[in-house]
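This report concerns only the one structure given below.
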Amino acid sequence: MSISKKATESRDAEVDVKYDAVIVGAGFAGMYMLHRLRGQGLSARVFEAGTGVGGTWYWNRYPGARCDIMSMQYSYSFSEELDQEWNWSEKYSPQPDILAYAEHVAERFDLRKDIRFNTRVTAATFDEEAKRWQVETDQGDVISAQFCIMAVGCLSSANMPDFEGIDDFEGPVYHTGHWPHEEVDFTGQRVGVIGTGSSAIQSIPIIAQQAAELTVFQRTPNYSVPAWNEMMDPDEERAVKAEYPALREKMRSRPTGFYFEFNTQPALDATPEEREGQYETFWSRGGLPFLGAYGDLLFEKEANDTIAEFGRRKIRDVVDDPATADLLCPDDIFGGKRLCVDSGYFETYNLPHVSLVDISERPIERLTKQGIVANGTEYPVDAIVCATGFAAMTGSFDNIRITGRNGLALTEKWRAGPRTYLGLSTAGFPNMFMITGPGSPSVLASMIQAIEQHVDWMSDCISHMRDIGAQTIEAEVNYEDDWVEHVNEVAKISLRSTSSSWYLGANVPGRPRVFMPYIGGFPIYVDKCNEVMTKGFEGFTLDGTKNSDAQPRVHLTERWRVPVDTDVISPAAIAAKRVPIV
Ligand code: FAD
Ligand code: NAP
């Protein structure tokens, strides 16, 4: 390894250094990737733009931030010791606890020494002659790696609308996804929150407790189900831990990659009274599992209408002012956008100092020195919170100049929407892997499961390459085309593809409208990845093979031999439209 050093403000840059792999990002994906590659004896350098690990949970420090998958399931499953030693304090963990968990993992597996923090990757270029990636950073690093692994996150590139007059506003403007590390105190202030997605729905009740006045600017209302969050019951925690491997296995076999009770019967087969009872039962369980009340809710508009009406009724039951309640009631598909999970969101609008401004007809006109102008009225505020979401799934790729074979720019290839083979890789970019990339279940599954499956697949693939002495692996265009077509076809059967959500890039003007995640269900997808692997990486070209006579063994990580419950998650079940939450 040759090292020439160039001084930067905080550390020496690494120039002309060689690694087996470079990993971009130190969230849950980058951390686990590093751990796996190290275990295989590979050298890896991780670059992370933030000053610490945790990714999403490092950046999203806004008040009220917490997970919407139960903590006992929203965690790594690769280490039984880790599962046993970590204790969660709440059913749905708040951001500081999840960040503490990420920091514990970094400590426990000694990850930090290979991570360069405060360093943003700016360019990655495939050198065809050397068959290696050259990776450049904003700290002057220029390193060479056989593999370039993008662990950049699906929800990591903040969407900050370019409001006219934003520089004129004299107070602070925060984005939920870039929340300051110092405590933000809104006590006595007039606060404007822009947006009513999950981040807004979590933060609004807490901001309202501090602010003197809170004005919420709503472009589109959202459905939300109460979390019914509670402190962790130690008996329940003990019981889960006693059977953790079994729970993890059940999670992997579910369409969403996490476990909860669901019902596959169609809503339309039930009487209105039966449906009402069923919805109440599932509502009382709270959170995302509410969508498991029936199997056809995201397939049949008529079925969805019944749950949507129930959701709207719940809003009207809570919100005192009928005009405000009307504004808060969506008329979209229930669960078409990512379903929000809240703690006291709708109740907040009954507070006398909280008001809602409808900007659905006319967008925010501009910011002034002291306020927000909408619908021709200036709303004076001291601070603004943009809960305006992310350039989802591809935004963090767009921020890096990625160049593959023949000078092909990834942004150019993806101009009309991302094209990948299995969401793992894209033709023209050999040895570049993407963790939870577009075209994989990613954001439609519990993400830590999706991350682990991708990381394990990639590690197994690299082991195979080492066995046979292959230098590069690259997706083949015809297999990629078929996969993209399949992803699009499957999306069409779900009502989700009809909502204007970030799943389709519809939240940010100018982005192509393509349903990006794979909606066919997590275990079916895992099965497909396994099949590709066991067929010798079907659809990929392995190049530079030295040991072509070697009898390669399949390295499939054992836990991904997932039993597919064919009654509920099979192509036939999907065709019969009886799969909750896809
Ligand atoms: P991230 O955590 O986004 O990490 C990516 C990292 O890459 C970031 O730290 C970023 O700084 C870094 N990076 C990006 N580009 C560069 C670059 N060019 N150079 C250097 N570093 C770079 N999912 C669930 O399953 N359940 C939940 O309850 C849930 N709650 C969420 C709540 C919020 C507020 C948000 C925003 C997302 C939530 N998600 C949830 C999705 C969440 O993003 C994933 O669960 C998971 O944390 C993603 O991990 P990751 O490592 O893939 O990406
Ligand atoms: P989001 O769901 O995209 O919501 C952004 C909100 O801002 C929407 O209401 C959007 O309106 C609005 N908006 C965007 N641009 C605007 C503009 N120019 N003017 C006015 N309003 C504008 O983003 P998010 O709330 O950050 O959540 C993103 C995802 O992160 C979630 O769906 C979820 O997957 C994850 N998340 C999870 C949790 C959790 O509960 N664990 C919490 C936060 C985030 P439109 O709807 O009209 O586009």
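One-based numbering, in listed order, for ligands and for the atoms of each.
Neither the backbone nor the side chain of F258 comes within contact range of ligand 1; no heavy atom lies under 4.0 Å. When non-hydrogen atoms are compared, ligand 1 lies under 4.0 Å from the backbone of I69 as well as from its side chain. Residue I400 touches ligand 1 through its side chain alone, judged by heavy-atom distances below 4.0 Å. The residue Y58 has no part lying near ligand 1, judged by heavy-atom distances below 4.0 Å. Contact annotation for A151 and ligand 1: only backbone heavy atoms (N, CA, C, O) come within less than 4.0 Å of the ligand.
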With the criterion set at N/O pairs under 3.5 Å, what does the list of contacts between the protein and ligand 2 look like, atom names and distances included?
{"residue": "ligand 2", "atom": "7 (O)", "partner": "A387", "partner atom": "O", "Å": "3.2"}
{"residue": "ligand 2", "atom": "9 (O)", "partner": "T196", "partner atom": "N", "Å": "2.9"}
{"residue": "ligand 2", "atom": "9 (O)", "partner": "G197", "partner atom": "N", "Å": "3.4"}
{"residue": "ligand 2", "atom": "25 (O)", "partner": "S198", "partner atom": "N", "Å": "3.0"}
{"residue": "ligand 2", "atom": "25 (O)", "partner": "S199", "partner atom": "N", "Å": "2.8"}
{"residue": "ligand 2", "atom": "25 (O)", "partner": "S199", "partner atom": "OG", "Å": "3.3"}
{"residue": "ligand 2", "atom": "26 (O)", "partner": "S199", "partner atom": "OG", "Å": "2.7"}
{"residue": "ligand 2", "atom": "32 (O)", "partner": "W502", "partner atom": "NE1", "Å": "2.9"}
{"residue": "ligand 2", "atom": "40 (O)", "partner": "Q202", "partner atom": "NE2", "Å": "3.0"}
{"residue": "ligand 2", "atom": "41 (N)", "partner": "R66", "partner atom": "O", "Å": "2.8"}
{"residue": "ligand 2", "atom": "41 (N)", "partner": "D68", "partner atom": "N", "Å": "3.2"}
{"residue": "ligand 2", "atom": "46 (O)", "partner": "T220", "partner atom": "OG1", "Å": "3.4"}
{"residue": "ligand 2", "atom": "46 (O)", "partner": "K337", "partner atom": "NZ", "Å": "2.7"}
{"residue": "ligand 2", "atom": "47 (O)", "partner": "R219", "partner atom": "NE", "Å": "2.9"}
{"residue": "ligand 2", "atom": "47 (O)", "partner": "T220", "partner atom": "OG1", "Å": "2.4"}
{"residue": "ligand 2", "atom": "48 (O)", "partner": "R219", "partner atom": "NH2", "Å": "2.9"}

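Residue contacts with ligand 1: Y74 is placed with a nitrogen or oxygen under 3.5 Å of a nitrogen or oxygen of the ligand (distance criterion only). Checked by distance only, ligand 1 and D68 come closer than 3.5 Å through their nitrogen or oxygen atoms. An N or O contact shorter than 3.5 Å is missing between I448 and ligand 1 by distance. For ligand 1, one of its N or O atoms has an N or O atom of F28 under 3.5 Å away. Taking distance alone, with nitrogen or oxygen atoms compared against 3.5 Å, S446 stays at or beyond that limit from ligand 1. Checked by distance only, ligand 1 and A29 come closer than 3.5 Å through their nitrogen or oxygen atoms. Ligand 1 has a nitrogen or oxygen under 3.5 angstrom from a nitrogen or oxygen of A49.
Contact analysis leaves Y92 out of contact with ligand 1, as no non-hydrogen atom separation drops below 4.0 angstrom.
For atom 42 (C) of ligand 1, the nearest non-hydrogen atom from the set I435, V24, T56, V152 comes from T56. Taking only non-hydrogen atoms, the option from R338, M447, R120 nearest to atom 25 (O) of ligand 1 is M447. Of the listed residues (T119, I451, I115), the one carrying the non-hydrogen atom nearest atom 49 (O) of ligand 1 is I451.
Taking the six-membered ring for Trp and thresholds of 30 and 60 degrees, F217 and Y379 have ring planes more than 60 degrees apart, a perpendicular arrangement. Ring geometry for F109 versus F78: interplanar angle of 30 to 60°, hence tilted.
Given atom 53 (O) of ligand 1, the protein heavy atom at minimum distance is G153 CA, 3.2 Å. Of the protein's non-hydrogen atoms, the one nearest atom 34 (C) of ligand 1 is Y62 OH, 3.4 Å.
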>> salt bridge (Lys or Arg N to Asp or Glu O under 4.0 Å), that's the test. Do R38 and D114 meet it? Break it down for me.
In response: CA-CA 10 Å; R38 264 204 207 152; D114 289 331; 2.8 Å; yes

>> Does D83 form a salt bridge (Lys or Arg N to Asp or Glu O under 4.0 Å) with R248? I'd like the steps, not just the answer.
In response: CA-CA 10 Å; D83 264 353; R248 296 298 194 185; 2.7 Å; yes

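Ring centroid separation for the pair F290 and Y223 does not come in under the 6.0 Å cut-off.
For E249, the CD atom counts as loosely surrounded, since its 6.0 Å shell holds 12 or fewer non-hydrogen atoms of other residues, nucleotides or ligands.
The side chain to side chain contact (heavy atoms under 4.5 Å, CB included) search around W133 returns A124, F126, V135, C148, I402, F429, N431, M432, not counting sequence neighbours.
Applying the salt bridge (Lys or Arg N to Asp or Glu O under 4.0 Å) test to residues at least two apart or on different chains, the pairs with a partner in residues 511-526 are D398-R511. Among residues at least two apart or in separate chains, salt bridge (Lys or Arg N to Asp or Glu O under 4.0 Å) pairs with a member in residues 45-62 are E14-R45.
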